[in-house]
Structures are given as C-alpha cells and as structure tokens.
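Step one of this worksheet: look at the structure below.
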Amino acid sequence: MARGDLLLADARPAATPRRRADAERNRAQILAAAERLFSEGDPRTVTMDRIAKAAGVGRATLYRSFPDPSSVAVALLDEHERLLQGQLVYGPPPLGPGAPAGERLAAFYLAMLDLLEKHLPLALGAETGPERFRTGAYGFWRVHVRTLLVAHGTEDPDALVDTALAPLAPELFAFQRRDLGLPVERIGASLAAFARGLLQSGVRS
C-alpha cells in the first residue's frame with residue numbers, strides 16, 4: 001500500500017466519529033424543533049421546510065434522516081410508545097401479564113389515553129388517517145389486543161381487534177377533548193367499562 005493510501009486509511013477512523021457526532025447533533029436539533037412546531041399549532045401544517053428552518057439545518061440534511069413530517073413525528077412519539085410497550089410485556093398487572101383479559105384491556109385503554117393526553121400533537125402528526133394503520137406502534141398495539149382477545153376465547157379476534165383499537169384513534173380523542181370538551185377521566189371510565197364488557201373479566205366465551 002502506498003504511503004498516501006496509508007495516510008488516507010489512518011484518517012478514516014477519526015473522520016467517522018466526527019460525522020456521526022454531526023449527524024446526531026443535527027438529528028437532535030431537528031427533533032427538538034419539530035416537537036415545538038407540532039405542539040404550537042395544527043400538526044397538519046408542519047412541513048419539511050418549516051422543520052428545516054426551525055432546526056437551522058439544510059433541506060438535504062433533513063431529508064437524509066426523514067422523508068416527511070409524519071416520520072419526524074413518529075420518531076418523537078416512538079420513545080414514549082416504547083416505554084408503554086415495555087410495561088405491557090414486562091410490567092406488573094393489570095397493564096402487564098397476570099390479570100384477566102378484560103382488566104388488561106381496560107388498563108391498556110387508560111395508559112393509551114394518558115399517552116394521547118400528553119402527546120396528542122405528535123400522535124396527530126404521526127398517526128392521522130390511513131397512515132395510523134401503517135405505523136409500527138399500531139402493529140404492536142394490534143398484536144397486544146389480539147392476544148387478549150384470543151386469551152379470552154373471542155370467536156373471531158382478527159375481525160374484532162381493529163374495532164377494539166378504534167376508540168384510541170388520535171383524531172377521535174382530539175374531537176372528544178377539544179370539540180366536545182370531555183374530561184379525559186370521563187373518556188377513560190367509559191372505555192374501561194367498554195373493555196370489561198367486551199371481555200368479561202376472567203370469563204372465557
């Protein structure tokens with residue numbers, strides 16, 4: 001290997017960490033700016049141009065990490081959703097394993113309402129309309145609820161699972177909270193009763 005090649009090879013390991021640090025810094029700026037934009041107004045008005053300007057990065061830098069505003073919202077929401085997913089799998093009952101299916105579904109509804117209450121702008125930006133059904137989080141919630149339906153002995157869990165998840169649509173929650181003015185506690189009590197009625201606690205069909 002020529003001396004010039006050796007020098008070039010020696011330079012590569014040093015350059016990689018710097019590029020990685022720059023990319024991580026840009027990503028942090030993008031996510032922080034996007035979270036402000038999503039929380040300040042209608043999430044549907046957030047564009048890639050607005051995110052790039054608010055973050056102080058170029059459009060090319062933004063598009064290297066995210067293809068559209070929805071993907072930015074998904075990244076922001078992902079951390080909060082992962083915490084809940086961990087509780088569903090490993091946490092104590094009734095949210096985690098060990099409680100009757102109806103109680104677990106009721107606890108899941110209440111936990112999801114809490115997440116929506118705290119992060120509704122992000123949920124609207126990430127999961128509005130048909131895109132809601134294509135997110136990884138929705139797939140996880142679907143597996144969880146279907147598992148509860150199967151454990152209860154529901155006759156056709158595949159047909160029922162999306163109906164059971166429908167009350168958690170961000171657009172519906174926004175309508176209930178903002179347009180109807182329903183307190184989150186009232187929505188939660190209604191959904192908990194619905195869950196227990198759908199899956200009578202401890203009773204298999």
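Atoms considered below: every heavy atom in the structure, side chains included; atoms not considered: hydrogens, waters and symmetry mates.
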Contact summary for Gly96 and Arg104, nearest pair of heavy atoms: O-NE, 3.0 Å
Distance check, rounded to the nearest 0.5 Å: Arg178 atom CZ versus Leu120 atom CG? 4.5 Å
Rounded distance (nearest 0.5 Å) linking atom CZ of Arg59 with atom CG of Asp49: 4.5 Å
Go through the structure and list residues passing ring pair (Phe, Tyr, Trp, His ring centres under 6.0 Å) with Tyr109, not counting sequence neighbours. none
I need the minimum non-hydrogen distance between Leu95 and Ala111, along with the two atoms involved. CD1-CB, 4.1 Å
Pro97 and Gly91 have their tightest heavy-atom pair at CD-O, 3.6 Å
Mark yes or no for whether Thr147, through its side chain, and Val143, through its backbone, hold a donor-acceptor pair below 3.5 Å. yes
If every non-hydrogen atom of Arg27 is compared with every non-hydrogen atom of Ala75, which pair is closest and at what distance? NH2-CB, 4.0 Å
Could you tell me whether the side chain of Leu148 reaches within less than 4.5 Å of the side chain of His152, counting heavy atoms only? no
Take Leu84 and Glu81 through the side-chain contact (heavy atoms from CB on, under 4.5 Å) test and state the conclusion after the steps. CA-CA 5 Å; Leu84 176 53; Glu81 291 177 327; 5.7 Å; no
Residue pairs involving residues 39-85 (criterion ring-ring contact (aromatic ring centres under 6.0 Å, His included); sequence neighbours excluded): His80-His119
Taking the side chain from Ser71 and the backbone from Asp68, do they hold a donor-acceptor pair closer than 3.5 Å? yes
Which residues share a salt bridge (Lys or Arg N to Asp or Glu O under 4.0 Å) with Arg82, sequence neighbours left out: Asp78
What is the distance from atom CD1 of Ile187 to atom CG of Leu172, rounded to the nearest 0.5 Å? 8.0 Å
Would you check if the side chain of Thr47 reaches a backbone N or O of Arg50 as a donor-acceptor pair within less than 3.5 Å? yes
Are Phe194 and Phe175 linked, directly or through other ILVMFWY residues, by side chains that come within less than 4.5 angstrom of each other? yes
Side-chain heavy-atom pair Val89, Phe140 within 4.5 angstrom cut-off: yes
Can you measure from CD (Glu35) to CG (Leu122) and round to the nearest 0.5 angstrom? 5.0 Å
Spacing of Leu165 atom CG and His144 atom NE2 [to the nearest 0.5 Å]: 9.5 Å
Show, in sequence, the C-alpha distance, side-chain angles and deciding distance for Arg177 and Glu117, and conclude whether the side-chain contact (heavy atoms from CB on, under 4.5 Å) test is met. CA-CA 9 Å; Arg177 294 288 285 123; Glu117 180 72 4; 2.8 Å; yes
Please examine the side chains of Val150 and Arg146, heavy atoms only from C-beta on, and report whether any two atoms are closer than 4.5 Å. yes
ILVMFWY cluster, Phe173 and Leu180 together (side-chain gap under 4.5 Å): yes
Does Leu83 belong to the same Ile/Leu/Val/Met/Phe/Trp/Tyr cluster as Leu115, with side-chain heavy atoms less than 4.5 Å apart forming each link? no
Whether the side chain of Ser65 engages the backbone of Leu62 through a donor-acceptor N/O pair (distance < 3.5 Å, no angle test) should be reported. no
Of all heavy-atom pairs linking Val72 and Ala34, the shortest is CG1-CB, 3.4 Å
Return the CG to CG distance between Leu198 and Leu149, rounded to the nearest 0.5 Å. 6.5 Å
Closest heavy-atom contact between Leu77 and Ala123? CD2-CA, 3.8 Å
Is there a continuous path of hydrophobic side-chain contacts, each under 4.5 Å between heavy atoms, that joins Leu168 to Val161? yes
Could you check whether any side-chain heavy atom of Leu110 comes within less than 4.5 Å of a side-chain heavy atom of Leu191, counting everything from C-beta outward? no
